[in-house]
There are 2 protein chains.
Amino acid sequence: MARLSSHDVRERLLEAGVRTFSKAGFNGCSVQDITDAAGVPKGSFYNHFESKEALGAAALQHYWTDGACDQLKILTRLDMSPRERLRTYFEEATAEMAQIGFTCGCLVGNMAAELSDHSPIIAIQLSAIFLGWSGQVAECIRAAQAAGEIESNADPDQLAAFVLNAWEGAVLRARIEKADRPLRQFIQTLFTILLR
Amino acid sequence: MARLSSHDVRERLLEAGVRTFSKAGFNGCSVQDITDAAGVPKGSFYNHFESKEALGAAALQHYWTDGACDQLKILTRLDMSPRERLRTYFEEATAEMAQIGFTCGCLVGNMAAELSDHSPIIAIQLSAIFLGWSGQVAECIRAAQAAGEIESNADPDQLAAFVLNAWEGAVLRARIEKADRPLRQFIQTLFTILLR
DNA sequence: AATTTTAAGATGACCGGTCATATTGCGGAA
DNA sequence: TTCCGCAATATGACCGGTCATCTTAAAATT
């Protein structure tokens with residue numbers, strides 16, 4: 001059996017990291033759990049990452065730039081109106097969460113809860129991720145306002161931050177209830193009240 | 001030095017559990033961390049709780065019924081109007097979070113992120129806590145609507161769930177940023193847009 | 001003296017991380 | 001083209017320490 005290239009090993013560890021951290025939490029899994037999930041020998045781990053925390057930071061980045069950003073592209077599609085894009089974005093996210101049985105939740109939220117007090121590096125990353133995320137949503141809200149799809153002319157940045165905060169909370173509750181009810185309720189409230 | 005009564009030891013473990021789980025997370029601290037924080041011998045732990053998870057469940061209950069409920073009483077005070085009560089409630093919570101330097105966050109949210117997939121007992125408790133919490137806030141919103149303090153006549157339960165979701169998200173972001181900005185912004189958005 | 005409760009210390013599995021050694025692909029010397 | 005030397009990577013046994021939990025002798029209570 002051919003050996004994996006160095007790049008492949010690193011990639012596998014990143015993806016296994018995202019999966020394993022999402023499922024079990026940063027402190028809820030071991031480095032061995034991750035190498036097992038990646039199908040990589042334990043000893044290889046430290047050739048690619050200097051510590052578990054370093055993998056945490058890299059996996060978070062990987063999740064955001066290679067995984068979550070695909071969904072974010074919905075927000076800039078041109079085949080839908082801004083308001084439709086927003087709705088589709090949260091409906092897609094709901095469907096994805098349903099598909100995995102409401103386990104895991106959002107890696108960004110999980111890492112925020114577990115590590116923001118203890119890993120400054122990851123806290124800074126999380127801050128940047130939330131900023132970018134909020135900015136994208138704000139842009140879409142701004143466009144919806146310009147298109148006359150939203151009554152309120154409140155500050156889009158303020159609205160976006162509030163909406164994403166509520167989304168994080170809804171994800172938490174969906175995970176507890178193992179049902180899409182909190183997510184559906186979030187969408188309904190969002191579009192019938194806040195972005196009416 | 002006189003020995004502590006059995007009841008005191010249990011109480012100390014509960015309070016140390018709340019403190020330690022809040023600071024370090026459930027998987028981020030050891031049983032010994034908790035017994036040290038409680039100032040009780042480590043051998044005593046299993047005389048009072050059958051497992052770390054059992055303490056987790058008991059501490060969560062203790063936090064909710066003996067700690068957080070004090071703040072919840074603001075929502076039913078009669079010396080303020082319903083809308084004022086709501087604002088005071090979130091401002092008090094903001095002040096408390098500022099006082100501890102934006103570490104810890106909310107035990108309910110932290111445990112939800114860390115344990116809702118792995119501890120059914122705690123998941124059920126979390127579900128009940130959110131339900132009760134949401135109900136209290138909904139009642140206050142309903143009263144505010146009745147008093148004509150809020151324009152929107154949207155379903156109070158739906159509003160309350162959305163508001164608490166957003167609060168959980170805001171707490172997460174305040175913890176990341178180590179600043180009250182996300183909490184202040186939450187309050188501002190809440191009262192100038194959602195509960196206008 | 002009999003019974004219950006306490007808590008010190010033990011237990012072995014497991015933790016994040018390191019090690020010596022084996023293997024590899026590659027640039028340059030022939 | 002062939003070969004060599006070498007840096008980078010692969011590997012799993014292994015490190016000291018910590019984990020959640022248990023055992024048990026001593027202390028307190030009856």
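Numbered from 1 within each chain, the chains take letters A, B, ... in sequence-line order.
Grouping the Ile, Leu, Val, Met, Phe, Trp and Tyr side chains by contacts below 4.5 angstrom, directly or via other members, places B:L107 apart from A:L172.
Per the geometry, CG belonging to A:N47 stands 16 Å off P belonging to D:dA7, to the nearest Å. A:F45 places its CZ atom 16 Å from the P atom of D:dG12, with the value rounded to the nearest Å. D:dT21 atom P lies 13 Å from atom CZ of B:F49, rounded to whole Å. Going from atom CZ of B:R10 over to atom C1' of C:dT6 covers 16 Å, rounded to whole Å.
Put simply, B:Y46 has no side-chain N or O that comes within less than 4.0 Å of OP1 or OP2 on D:dC22. In this structure, B:S44 does not reach the C:dT6 phosphate: none of its side-chain N or O atoms is under 4.0 Å from OP1 or OP2.
Inspection of the A:Q71 and A:E96 side chains reveals an N or O donor paired with an N or O acceptor under 3.5 Å.
Of the charged side-chain nitrogens involved, at least one lies within less than 4.0 Å of a carboxylate oxygen, so that A:D117 and B:R175 count as a salt-bridged pair.
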List the atom pairs, with distances to 0.1 Å, where a side-chain N or O of residues 123-141 of chain B and a protein N or O form a donor-acceptor pair under 3.5 Å, not counting sequence neighbours.
unit_1: B:Q125; atom_1: NE2; unit_2: B:A57; atom_2: O; d: 2.9
unit_1: B:Q125; atom_1: NE2; unit_2: B:Q61; atom_2: OE1; d: 2.9
unit_1: B:W133; atom_1: NE1; unit_2: B:Y89; atom_2: OH; d: 2.9

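Within 6.0 Å of the NZ atom in B:K178, the count of heavy atoms belonging to other residues, nucleotides or ligands exceeds 12. Remark: A:K52 NZ is packed, more than 12 non-hydrogen atoms of other residues, nucleotides or ligands lying under 6.0 Å away.
Within the 4.5 Å cutoff, no side-chain heavy atoms of B:T94 are placed close to those of B:F186. Contact of the A:R196 side chain with the A:I150 side chain is not registered, since no non-hydrogen atoms from C-beta on lie closer than 4.5 Å.
Applying a 4.0 Å cut-off to non-hydrogen atoms, the residues of residues 21-34 of chain A that approach DNA chain C are A:C29, A:S30, A:V31, listed by residue number. Contact check of residues 50-61 of chain A against DNA chain C (heavy atom, cut-off under 4.0 Å) returns A:S51, A:K52.
If you check C:dA7, D:dT11, C:dG9 against the side chain of B:K42, the one that comes closest is C:dG9.
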